[in-house]
Peer 1: 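The structure is given below, and queries will be raised subsequently.
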2 protein chains.
Amino acid sequence: MDKQMKKGVLDLCVLSVLSEEDCYGYQLVEKISAAIEISEGTIYPLLKRLQKDGLLASYIRESSEGPARKYYKLTPEGITKCKRLRKEWFEFYNGVNKLLGRGNGDE
Amino acid sequence: MDKQMKKGVLDLCVLSVLSEEDCYGYQLVEKISAAIEISEGTIYPLLKRLQKDGLLASYIRESSEGPARKYYKLTPEGITKCKRLRKEWFEFYNGVNKLLGRGNGDE
DNA sequence: ACATACTACCTTGTTATACAAGCTACCGTG
DNA sequence: CACGGTAGCTTGTATAACAAGGTAGTATGT
């Protein structure tokens with residue numbers, strides 16, 4: 001999968017998954033990579049950035065199965081951002097699909 | 001609109017529009033910006049890159065309405081690439097929509 | 001005791017690309 | 001002759017995805 005396609009959309013993916021339930025980083029990697037290719041080296045810096053921007057808050061919780069987990073949850077700003085990005089995403093892919101629908105290099 | 005979202009998808013947009021008919025750069029800007037926000041500073045370097053990569057060929061044609069126009073058309077490699085990117089794009093946005101469908105920060 | 005594997009977190013350096021800003025130049029109209 | 005529209009192009013900047021590497025806890029096998 002083209003790396004570049006994911007730019008900007010991964011923020012939305014993370015925010016959207018977190019709008020459903022609090023998750024720790026490793027869990028997010030698993031959830032998101034079930035839908036699109038993603039690696040740890042992408043998610044952790046991204047989480048840090050989103051937290052720095054005030055969109056996420058975090059808390060540590062111990063685990064009996066391994067190291068302690070750092071859970072992230074949306075802040076009110078995160079919820080707002082998530083809504084706006086969702087809207088942008090839908091507008092964006094509808095626009096792209098409009099362009100693609102006309103030209104057809106295959107089918 | 002988020003700049004980052006467009007990364008990687010614009011190649012596909014250009015190739016897809018060109019798969020329908022030959023276009024010159026300025027025309028591509030107009031066509032594509034009707035669907036998603038785009039600027040000249042993005043399209044021209046992109047066309048150059050796609051041509052360098054052997055996906056596009058170009059020819060000059062005079063215009064009575066202004067300066068000569070540089071038309072671009074797909075090469076066989078360009079057609080192949082267009083097909084592959086289309087497939088990737090559909091897989092990608094379906095994956096994203098799957099993630100978004102679950103979490104809902106709005107609606 | 002030691003190696004291996006899985007969980008879980010994090011950082012550094014590389015690479016690609018979108019775009020603002022700026023430039024040149026042709027044509028027609030006022 | 002100035003101006004706006006058409007048409008092309010370049011340079012510099014900012015951003016983000018990811019490979020590759022590191023740390024550390026828990027559990028299993030030998």
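Owing to the predicted nature of the structure, the values given are computational and were not obtained by experimental measurement. Within every chain, numbering begins at 1; the chains are lettered A, B, ... in the order of the sequence lines, protein sequences first and strands thereafter.
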Peer 1: Would you mind telling me which residue lines up with the more 5' stretch of DNA chain D, S63(A) or A68(B), judged by nearest nucleotide?
Peer 2: A68(B)

Peer 1: Using a heavy-atom cut-off of 4.0 Å across all strands, would you classify G41(B) as base, sugar-phosphate, or nothing?
Peer 2: base

Peer 1: Between L10(B) and P67(B), name the one whose nearest nucleotide on DNA chain C is closer to the 5' end.
Peer 2: L10(B)

Peer 1: dA18(C) C1' sits how many Å from D2(A) CG, rounded?
Peer 2: 14 Å

Peer 1: For the atom pair NZ (K48(B)) and CD1 (I43(B)), what is the distance rounded to the nearest 0.5 Å?
Peer 2: 15.0 Å

Peer 1: Mind calculating the distance between CD (Q27(B)) and P (dG8(D)) to the nearest angstrom?
Peer 2: 9 Å

Peer 1: Atom NZ of K70(B) and atom C1' of dA25(C): how far apart are they, to the nearest Å?
Peer 2: 15 Å

Peer 1: Between dC9(C) atom C1' and Y44(A) atom OH, what is the distance in whole Å?
Peer 2: 5 Å

Peer 1: If only atom types and distance count, is the side chain of K6(B) paired as donor or acceptor with the main-chain N or O of E37(B) below 3.5 Å?
Peer 2: yes

Peer 1: Where each residue is assigned the nucleotide of DNA chain D containing its nearest heavy atom, which of E40(A) and D11(A) is assigned the position nearer the 5′ end?
Peer 2: D11(A)

Peer 1: Respond yes when some side-chain nitrogen or oxygen of T42(A) is under 4.0 Å from OP1 or OP2 of dA17(D), and no when none is.
Peer 2: no

Peer 1: What is the separation between atom NZ on K7(A) and atom P on dC18(D), rounded to the nearest whole Å?
Peer 2: 9 Å

Peer 1: Between dC9(C) and R69(A), is there an OP1 or OP2 to side-chain N/O distance shorter than 4.0 Å?
Peer 2: no

Peer 1: For the side chain to side chain contact (heavy atoms under 4.5 Å, CB included) test, which of L28(A), I38(A), T42(A) pairs with S33(A)?
Peer 2: I38(A)

Peer 1: Aromatic rings Y71(B) and Y59(B): how do their planes relate, parallel, tilted or perpendicular, breaks at 30° and 60°?
Peer 2: parallel

Peer 1: Distance check needed: dA7(D) P versus Y24(B) OH, whole Å only.
Peer 2: 4 Å

Peer 1: NZ of K48(B) versus P of dA16(C): gap in Å, rounded?
Peer 2: 18 Å

Peer 1: Compare the minimum distances between each of dC19(C), dC18(D), dC10(C) and the side chain of S39(B), then state the nucleotide with the smallest one.
Peer 2: dC19(C)

Peer 1: Mind telling me whether F92(A) and W89(B) have parallel, tilted or perpendicular rings, with 30° and 60° as the class edges?
Peer 2: perpendicular

Peer 1: Quick one: is dT6(D) close enough that its OP1 or OP2 comes under 4.0 Å of any side-chain N or O from Y26(B)?
Peer 2: yes

Peer 1: If I take atom NZ in residue K6(B) and atom C1' in nucleotide dA16(D), what distance separates them, rounded to the nearest angstrom?
Peer 2: 15 Å

